[in-house]
Every structure is written in C-alpha cells, then in structure tokens.
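Proteins come first, then strands; the chains are lettered A, B, ... in the order of their sequence lines, and each starts at number 1.
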Amino acid sequence: MSKKLKIIGTPVPKHDAKMRTTGEAIYGHDIKLPNMLYGAILRTQHPHAEFIIDVSEAKKLPGVVCIITADDVDTNHIGYKRDHPILKKNEANCTRDEIAAVAAETKEIAQEALKLIKVKYKVKKGLYNPHDALKKNVPQINKFSSGKFENKNIAEKFFYEHGNLEQEKKNSVAIVKRKFTLPRMTHACMATSNITAHYTKTNGKLLLYSSTQVPFLYQRDMAHALKMNPSDIRIIQPIIGGGFGSKLDMHPFEPICALLSIKTGKPVQILYSREEEFIASPTRQPMEIELTAGVDKNGNFTFREIEIIKDNGAYTSWGATTPFVIMQAFSSLYKIKACRFNALAVYTNNVFAGSFRGYGNPQATFALERVIDLLADEIGMDKAEIRLRNANTKGEITGQGLHYDTCGHKECLQTVIKKLKVEKKKVEKNNRFKRGIGYASMLHVGGGAKIYRSDGCGTTLKIDPYGFCTIITGSNEIGQGSETVLAMIAAEELGIELSKIKVINTDTDVKPWDVGVHASRTSFVAGNSLLGAINILKEKLNNKAAKLLNEKTKSFTYENGNIISPSNQQIALDKVVREMHFTEPNELAIASYFYEPSSKFQDKDFKGNVSGTYAFASQSISVEVDTYTGNVQVLDIHVAQDVGKVLNPLLLDGQIHGGILQGVGYALTEELIFKDGELLNPNFHNYKMLTAADVPNIHFYPVETNDKQGPYGAKGVGEAPLIPTAAAIANAVCNALDIEIVELPITPERVLKAIAEKKNNKKNK
Amino acid sequence: MEITFTLNGKKTICHIKVSTTLLELLRETLNLTGTKPGCHEGECGACTVLINGKSVNSCLYLALNTNGKEITTIEGLTKPNGGLDEVQESMIKNGAVQCGFCTSGMVLNIKALQLETMQNKKVPGSGIKNSPNRNEIKKWLEGNLCRCTGYVKIIDAAEEVFNKGK
Ligand code: FES
Ligand code: FES
C-alpha cells in the first residue's frame, strides 16, 4: 500500500477506554434484571465418589425457587468430545463436578440452600496421575468417552512426522534427551465467570448475557446441550473482564444457568466467587514433554522426537487439542529436518484444562528452547549463534507445510541478542547474587488458524445520513482492543473522524458470523473483513459522487468527511449518503463482506498451511538469582516481535507487556497445587500472581515485515508475547547457576534444590 | 441500623445490616457498580474506594464503619459535567486500560497516593515529601492486581500524573 497512512500506526487510545475508566461500563457482574433470581452450584465434596443426593430440605427454604439435579433435566453432554454431562448423576469424577443447582431470591438464600442439600458420598480412590490411569486393570474414568483408542483412559491422540528421523539421528554429533514437567496455571481473569440467563416462556426464546469469546460456536453448543434450536438462543456479550482463552469452551455453569431460567421462567444470574473461579474455571494444560533432539557438526539442528503425556482431567475440553499448536512449534520453529511427534491426552480424576493464551505453545517452547541451550553446550557453540544459524527464513516451507511468506525470525533474534548486555562481573563480586542471560524464540499463527471448516469473519458496514459510520462485525472485543483497530481502519479508509465511528459486536441476533476470539486472529481476520466491506461500499459511494460532481473518474479520495476527485472537486460524504437514500436509484449506504483467509484445513497427517501468515518473536532476558534464598529476579526483558505492521503502538505495547508478565508468572510463581485431585491454593494469597512491584524492565522492538495477507501488512500479536518468556527465563537461571531446570514454575525451593544437587554431583565426581 | 455518610459529595443515609460490607452497600443497595468485586477477600484491590481520602478495600470494610465519613467511589471522580479526573485522563492516554475490571481500583489508589503526597507537602518533615518516584509508585500499587496490562502502562500513567505536579 503506497498511500500515506494517517491513523493506522498512531497511538490511538482504546475506543471505549473512557467508559471503562469511569465505572460506566457494564460487565456481567453489573447486570440486574427485574425479578432476577440468583443461581448457585453445589459441587462434589470429593474428587471421586459415588453419591446420593436429597434436595427435599433445601427446597423448603423460603426464597428458594428451584433446585435441579441430573434427574430433573434432559440435556446432551457438552465439551469438544461430548463426554461431559452438565449435571453429574450418581458419580463425581473431579473436584469441580456440578451435582445440583439452586435458584433463589437472594444470593444468601441460594448459598443457604446449598448447605441444606444432603449428599451421601461413598468415596472412591481416584486416579490422579496419567501414568496410573494408563495402567491395565484400572477403571474407566470417563464413562462417556468414545473409547476408540486402545486404552480406555486415552481421551485423544496425536501423531505427526516429517523427514527421515533415523537418518538424521545418524547425522547428529550430539543428541540430548530430557523430560520436562509443566504446571497448571490458571487465567485468573479479574472478573470471575458470570452469566445471566433470561428465558421467555411465551415465545420459547433464551437470551444469554455471556462472556464467551466465541459467541457463534457457543450458541450452537448451548443449543445442543439444551436440545434447543440455535436460532432461539440470543447471546449478548456484556463488557468482558478478561479472557485469555478461558472463555473458548462453554462450561457447565452456563447451561445450568439457562436451565434454571427455563425452569423458573425468570432471569437467573450466576457469579463465581474467587474461590470457585480457582476451582472451576479452566487451566493451562499440565503435561510431561520428553524431547530428544540432535545437532550436526556444523551446529545445524537435525531432528526432534517428542513424546507428550497430557493430563486431560475427567472431561475433554478444547484444551485437549493443544497438540495442534504444540506440534507446530516442534515441527517448524527453527529449521528442522526431521520430526516425530506423539501426544496422548489421558483422562484422570483431576480438573480438566481449557485453552489459555498460547494454546500449548509456551509448554512446547520451554522444552524446545531449553534443549537448544543444552545442544549448544554439547558442541561448544555460542547460544546466540546456534539460534541465528537455525533461524527460520522468508520463503521457507516447513516440514509441516507452513508457508513463511514473510518471516522476521532472524531479525528478532539479532535485535534481542544485540540489546542484551549484562554486566556480569560488577554484581557477582560477593558470590551470593548470580546473574545470567537466556534467549528464546517462538512461532505462532499470525493470520488465524483454520481449525474449523471456516476461519472467516463477516462485516456489515453502514454510513448514516449524518456521516457517522457503524461497523457491525462478527468479531469480539474481550479487552484486547480489536474494536479500536477496526474503528481506526474505517477512519483511515473513509476519512471519517474516529469519534463518528461506532462498532457493534455484542449481539448474535445482529452481527454476521465469525469463529470467535482465538489464535490471535481478530485484527487480522476482522480487519481484512472490514477492508472488504469498505471496498464494496466505496464503489457505491464513488458512483454516486461521480454523478453528483459530474465526474467521469471513479477514483476518489476520502478525507475529513469529504469525497474528493482527482481534479479536486469535493462533496461531503453525508450529502452523498443522503442523495443515495433520497434520489434514484434509491439505495442504502450499506455493504457486507465475508472474509475467509487463504489458509488450508490441515490434512489427516496435520500437514498444510493452516494460517494466513505466521508471527515470530524472540526474547532475551537477564536475571539475578539469590543463591541463599533461591529467589529469581527478572531484570531486563528484551522482546522483538514480527508483528507484520504496527497498527496501533499503544495497544500493541499493552498486549506485549500483559503477555510478558503472564509469562513471567508462568515461569516463576503461578501454579495450582493439587493433592489427590483437590486444589490446595484457591485464592490470590496462595496462588501468586505478580504485582506492579515485580515488573521488570521490558524493552520492546517491533519488527515490521509487511505481510501482504494482513490488513496493512499486520499479523496477529495477542498470544506471542507470553510464549517464549518462561523458556528464556529458565535459560537465564540455568546460565546464572550452571544448573538444570526441567520444571516450572522456578520457585525458590526448586532453585535451592537444583543448587544442592549440583553440589552433590560435584562431590560424587 | 442507620448510618450517615458523605458519598461522592452527597449526604447519604442508609439502613444496613451489621454484617454488610461497604462493597455490598455500594453495588447492591446504592447501585454504584463502578466499584468492582474481584475476590471479596482483600487480595485484589478491584474494590478500592477512598474513605476520607485514603484507599480502602471496600470488600473488607464494614459499611457501619463509614458512619460520619467521606467516601469517594469511581463515580465520584468524574466531574458533574462529565469531565474526567487527571488520573483517569492519564490512564486513558497511556493505554493503561484493557479489560478495565481493575481500573476503578487502580485509579482510586493512584488518587489516594496523590492526595497523600499533597497532604505531606503541607506538613513539613512528614512522610513522602516529593512526588513519589517510579519504584515508590510500583510499591504503592502492589495491592492492586491486573491480569491484562502487565502494569507497565498503569505505572506510566501514575508517573505522568506526578511528573505534571512537579
Ligand atoms: S474484591 Fe476487595 S480486594 Fe478483591
Ligand atoms: S485491565 Fe484487565 S485486569 Fe487490569
């Protein structure tokens, strides 16, 4: 695009920041409808037990309007594998399990009623470790699973390979094999999960105020669960208080709330407490990754062989499909000649994981980048050099079939390597505090991901007779700022002031179809969709303007609310719209467009160009470790990311900082701790999220590769910043102390343990 | 029981239960939903309000203790003509707002620091004499969790408010 951009690329504050700063924004927690009831859910007391439930006493409590158990409802199972009953009958299989639900006149009465429900449990010994669940002669954990695999407790399986693995092993001068263990981290959105359901008996329509990030998939899932017609379900998204992937699945509390509303004919609201949020909202996938990798005598990577065991929990959510992304990192980050990948998701009596920003990629990148450091050590090569040597390049088609039409990997690496200079000597004089540096890169889809049959997004665009523009987009805003980017695009192309642009995106009855927020796709897909609609609308406007101005040309420019011809004749945009409406051939200033990225659905071997474009990033991180306490302090984080093109530097910074700090948390502090299926730290006091005081110096260098597929050349950015952070921190800690880290988070205890092990090893030598 | 306090500049009388928290009173009885519930256990700061100019977690503060006091919520920070407080302006300008669920609490806690700084300037020899520096701001905001922004822009926004005041 040769045209000089006026708005794209400038730091426009978030479209709706004002109302989010004044308390005027209405979140799910703020909704109050006339006659609204309050719902509450009874969960099992034991992660694995048979139970008999008696709600008769609870029903008698004044103010209780309705109580439901599995016996009272006729529903389909939910989840990606449809193996998850909404209300559990007779048997509980994980600590989250919903066994009854109440609707009452007040929150207090609802809670009181839960206490009056009598449940007799027969506690059973659960299987809390996937290795145990894979043993012979253990019970089948999920009775509703398809059972199509050789072991009844396997929920899902992935196999992928490219290249000649055996040959590449022979070509290797060094081979490293390690097993890594990744923890459960939770989204901890600041707004807890919430929903308000309003069923109208007279017309059989269900209205849901829901924080889902994928409203159209959700509508279909909800309809399936409730045995309703999808079109009878309308979803309105209030302002969403954080997503990060947690709202990709529909969770049982949502159809439960709908059922309470259907039964009572009144609006019902369910709000999670923070404790409930910790227990019952999804997590990042915990997994074990065993990685074997090799390098040849010149320092070129030869092969990677991967065995993954994922703890699926008791039911299967979208989280089970993270190997799609994990295998991509292993098959295609850095040049790699051969790759063989096996992943198992195994049912256990633990809670199930969901999708979380990065979708398996932080786990994969941690293993992969740790092993690169070890390979470099093996052959005595510099850790920066080995990465640069193997970095991906423009024009590359990877073993898995990803096309890197643009690729900023090398530039990202070069940038962060150059920027990070630690003054090691100065601080290490007293021997207590050790400094180290670490590098890591990442690859992620940057132009959507075709994991459904379509990865498209629709837009309807309208200009009103007053020169205001309304963008009705299929895409969603979950705080990431996509609305703002869309408004900027319209302002840029149509010459309309930002304040005259409205974005409508919260109502499934109104907006055109879209897959939803995932895979960092929104700006890319919705942006392209909007550009498509603008083109169509401009054609109409141009025709009318030409007529009104008596011009032959159809190439007008749009500026300051005017349409201007090459000979500098101009006419106000709002006037053209009025003339379209009021003079023949009367027509609306409206256009619709559906954008479908050029990406391909992968074949059954998981090969194919699954995204419109790919994003790359590298980070270099310095840390200081206190060898007395084991405390790790992150000093500087340099991050270079191939964003294609910076659309809005202010919002981009926000995505980078926010992602990185989640990555630091993943690396150092955040872990849900379970014992025999029960969560031990369901509060912010014991689940350590980082605070303002922990923020390291973050230095961000955007790399612009101008991908021709992206709007103005832009790629997706949302997930990338957190993906390499934990890996780079782990590498820096290992570098500082000359130890090995194979597990996250890198807590002080783990650091001290590794230091002690190192001493022991030395003694024994 | 009955309590009387000044809420966002207006004298307010409420009948409450002894156990009612200020957060419940604000959100449920008075319909001031700008104050956000993030945890109900004093750990996240989303529910921060000002009581006599000091920041307080309203989820742990019993409503009855507000008797005779002055309360400012996020709604009270906006001027009657719709204009914003300089802390709010700075948050917007610096891109410190993403989902916004932590924002009310952040804004009011920064406001509290600003008020304290102004107060201390008047009293020679007391506490923070000059405008707080970046590290002091970071420490001050420790009790307010944010999952979206990584805090950087929030700290920037606060810093800008104090730099202006210099
Ligand atoms: S809601 Fe009060 S501190 Fe979290
Ligand atoms: S902006 Fe979302 S929690 Fe702070």
Note: vs chain A, highest number of non-hydrogen pairs under 4.5 angstrom among G143(B), G100(B), A46(B) is G100(B)
Mind checking whether F684(A) and F278(A) have parallel, tilted or perpendicular rings, split at 30° and 60°? perpendicular
Looking only at V107(B), L84(B), L32(B), L77(B), the option with the highest number of non-hydrogen pairs under 4.5 Å against chain A is L84(B)
The interface call for T78(B) against chain A, heavy-atom contacts under 4.5 Å, is side chain
Bottom line for E89(B): the part with an atom under 4.5 Å from chain A's heavy atoms is neither
If one checks every heavy atom of F244(A) against chain B at 4.5 Å, the contacting part turns out to be side chain
Review point. Do you see a donor-acceptor pair shorter than 3.5 Å between the side chains of N476(A) and Q237(A)?
Key: yes
When the 4.5 angstrom heavy-atom criterion is applied to I92(B) and chain A, the contacting part is both
Interface check, chain B: of M19(A), E24(A), H187(A), most non-hydrogen pairs under 4.5 Å belong to H187(A)
Highest number of heavy-atom pairs under 4.5 Å with chain B among T691(A), V695(A), D694(A), L661(A) belongs to T691(A)
Given the options N65(B), T72(B), V56(B), I51(B) meets side chain to side chain contact (heavy atoms under 4.5 Å, CB included) only with V56(B)
Under 4.5 Å to a heavy atom of chain A? For K36(B) that would be side chain
key: Donor on one side chain, acceptor on other, Q619(A) and T725(A), under 3.5 Å   = yes
If you tally heavy-atom pairs under 4.5 Å between each of S273(A), G241(A), C189(A) and chain B, the highest tally belongs to G241(A)
Assert top hit (heavy-atom pairs under 4.5 Å, partner chain A, pool G95(B), G38(B), G34(B), A96(B)) equals G38(B)
- Query: Will you find, in the side chains of S193(A) and E277(A), an N or O donor that is under 3.5 Å from an N or O acceptor?
  - Reply: yes
So, the part of T192(A) with a heavy atom under 4.5 Å from chain B: the answer is side chain
So, the part of L145(B) with a heavy atom under 4.5 Å from chain A: the answer is both
Under 4.5 Å to a heavy atom of chain A? For N94(B) that would be backbone
Partner of Y687(A) under side chain to side chain contact (heavy atoms under 4.5 Å, CB included), picked from T669(A), L672(A), L679(A), is L672(A)
Applying a strict 4.5 Å limit to non-hydrogen atoms, the region of E142(B) in contact with chain A is both
Nearest heavy-atom approach of F5(B) to I71(B) is CD1-CD1, 3.6 Å
Chain B shares the most heavy-atom pairs under 4.5 Å, among P11(A), A191(A), G659(A), A25(A), with A191(A)
Scanning both residues in full, the closest heavy-atom pair of S90(B) with A157(B) reads OG-O, 2.7 Å
Applying a strict 4.5 Å limit to non-hydrogen atoms, the region of A188(A) in contact with chain B is both
| Taking it one step at a time, do K17(B) and E108(A) satisfy salt bridge (charged side-chain N to carboxylate O under 4.0 Å, His left out)? | CA-CA 13 Å; K17(B) 282 195 268 174; E108(A) 294 73 26; 5.7 Å; no
Most heavy-atom pairs under 4.5 Å with chain B, out of A692(A), G658(A), G23(A), belong to A692(A)
Looking only at heavy atoms, the pair that brings C102(B) and I154(B) closest together is SG-CD1, 4.5 Å
Greatest number of non-hydrogen atom pairs under 4.5 angstrom with chain A, of I137(B), V152(B), T103(B), falls to V152(B)
Distance only, no hydrogens: is a donor on one side chain within 3.5 Å (strictly under) of an acceptor on the other, for Q269(A) and T196(A)? yes
Residues Y701(A) and H638(A): side-chain donor-acceptor under 3.5 angstrom: yes
Is a side-chain donor-acceptor pair under 3.5 Å present for T73(B) with E75(B)? yes
Applying a strict 4.5 Å limit to non-hydrogen atoms, the region of N648(A) in contact with chain B is neither
Turns out that what part of I660(A) lies under 4.5 Å from chain B's heavy atoms comes down to neither
